[in-house]
Number of protein chains: 2
Amino acid sequence: MPDTPPPLAPVELGAYFSLMEVAGLLRHAVEQQLREEGDLSYVQFQLLARLALDSPSGSERMTDLADGVVYSRSGLTYQAGLLEKAGLVERAPSPDDERSVTVMVTAAGRALIERVLPGHVEVVRHQLFAPLSEAGTRALGELLSPVREHMRAAPPRSAGARRRRR
Amino acid sequence: MPDTPPPLAPVELGAYFSLMEVAGLLRHAVEQQLREEGDLSYVQFQLLARLALDSPSGSERMTDLADGVVYSRSGLTYQAGLLEKAGLVERAPSPDDERSVTVMVTAAGRALIERVLPGHVEVVRHQLFAPLSEAGTRALGELLSPVREHMRAAPPRSAGARRRRR
DNA sequence: AACACTTGCTTCGACTTCGAACCAGCGCTA
DNA sequence: TAGCGCTGGTTCGAAGTCGAAGCAAGTGTT
């Protein structure tokens, strides 16, 4: 039997649990606001926001979207379908690569993001940042940023399954 | 039209996104390990762990469990059913309050937790704490702990719907 | 004691999410 | 250019999640 690793120190446990719980509760709160003000789920908001705010062209390939949002491919297909049905986004085959599909925000999509963003910001501010000082906020970002990079280095989620093939 | 709030500063955005992404990826990683080594979902692990490690009596009421794990009541009913079918917990009507149900870990449940815990700890250590210094870890916990408290102050999730009645 | 209100849990239906299986286009090598 | 593996997306079935509705037991009011 292999040595069991030393248990997590109380400090670590506290950090770990707090992190998970805070993220969970925050997501809940945000989701509620988005649902009420824009009839969007958190994932849908993420997708729209990424397209509308982070992408210069307002469009991305499906797989890149899936990777960016930590989503399975099939799940993304589903959500993209919903967003398209709602007229917030359009799908078109990519010109250079016949297999891939590019997703693009529509004007309606951009408008919706603009509409829900202020409320979104309010919620995040109240829930997450209210108990933190200016310095605390900065520190939090600086602590988590390297962790984020570290985790991203691992294989992207959208593939995942495929690679398991012998 | 009301004033729109000032947008989140880049520092805040960074902290917010990092937090959500780190939590999401970590959950993914942990879930995978739990699935492989113990055939448990993250939620099931949380429930078992709470009963086996946090509760002196090894038992809790359904609602308290739901609140502690940020879970809807109906979802908990479902999961408790699964865990019971697997022989990891037992449900019994509470002696003092005829309505409420007490959930208790079985020996098998405790054994399973013991079995998966080391691997769990390994994953958390590698994924979350590897890029952090000792001091960083402590700082992270100290930053998030007040936020956690702050968010918990809001109404618990398991009720939520009910209170909306006029 | 009878009434209404609240609380604890379950049932139900609708919606998400995931992974496995699948098809089709790309790229490499022979 | 024929063949083979690889990659991008979708489809499909199984599982998880939630809120609304429902039932039973407690609490309080008159």
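Every chain is numbered from 1 and lettered A, B, ... according to where its sequence line falls, protein lines coming before strand lines. These numbers come from a predicted model, not from an experiment.
Side-chain nitrogen and oxygen atoms of Q79(A) include none within less than 4.0 Å of the OP1 or OP2 phosphate oxygen of dC15(C). Between Y71(A) and dT17(C) there is a side-chain N or O to OP1 or OP2 distance below 4.0 Å. Residue R61(A) places at least one side-chain N or O closer than 4.0 Å to OP1 or OP2 of dG8(D). One finds a side-chain N or O of T63(A) lying less than 4.0 angstrom from the OP1 or OP2 phosphate oxygen of dG9(D).
In this entry the distance linking CE of M62(B) with P of dA25(D) reads 17 Å, nearest Å. Atom CZ in R35(B) sits about 10 Å away from atom C1' in dG16(D), given to the nearest Å. Straight-line distance from the CD atom of E84(B) to the P atom of dT10(C): 9 Å, rounded to whole Å. As a whole-Å value, the separation of E31(B) CD from dT17(C) C1' is 11 Å. One interatomic measurement links the two molecules: CG of L34(A) to P of dT16(C), which rounds to 14 Å at whole-angstrom precision. Whole-Å rounding puts the Y78(B) OH to dG19(D) P distance at 17 Å. The nearest whole Å value for the distance from the CZ atom in R27(B) to the P atom in dG16(D) is 12 Å. Atom CD of E60(A) is separated from atom P of dG9(D) by 11 Å (rounded to the nearest Å).
Between the H150(A) side chain and the H126(B) main chain, a donor and an acceptor come within less than 3.5 Å of each other.
With the nearest nucleotide of DNA chain C identified for both A80(B) and D96(A), A80(B) has the one nearer the 5' end.
In this structure, E31(A) places its CD atom where more than 12 heavy-atom neighbours from other residues, nucleotides or ligands lie under 6.0 Å away.
Counting any heavy atom pair closer than 4.0 Å across all strands shown, S100(A) reaches sugar-phosphate atoms only and no base atom. R91(B) comes within 4.0 angstrom of sugar-phosphate atoms only, judged by non-hydrogen atoms across all strands, and of no base. Using a 4.0 Å heavy-atom distance criterion, L65(B) is classed as making no nucleic acid contact.
Side-chain N/O atoms of T77(A) and base N/O atoms of dG9(D) include no donor-acceptor pair closer than 3.5 Å. Residue side chain R73(A) reaches the base of dG9(D) through a donor-acceptor N/O pair under 3.5 Å, judged by distance alone.
A heavy-atom distance below 4.5 Å is not found between the side chains of L88(B) and L82(B). A heavy-atom distance below 4.5 Å is found between the side chains of V22(B) and R148(A).
The side chain of L82(B) lies closest to dG16(D), out of dC15(C), dT10(C), dG16(D). For S72(A), whose side chain is taken as the heavy atoms from C-beta onward, the closest listed nucleotide among dC18(C), dA25(D), dG16(D) is dC18(C). When distances run from any side-chain atom of D97(B) to the nucleotides dT7(D), dG26(D), dC18(D), the shortest one goes to dG26(D).
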Y16(B) and H120(A): ring pair (Phe, Tyr, Trp, His ring centres under 6.0 Å), yes or no, with the steps? CA-CA 12 Å; Y16(B) 169 40; H120(A) 180 86; 5.6 Å; yes
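With respect to R50(A) and E60(A), a salt bridge is recorded, a charged nitrogen being found less than 4.0 Å from a carboxylate O.
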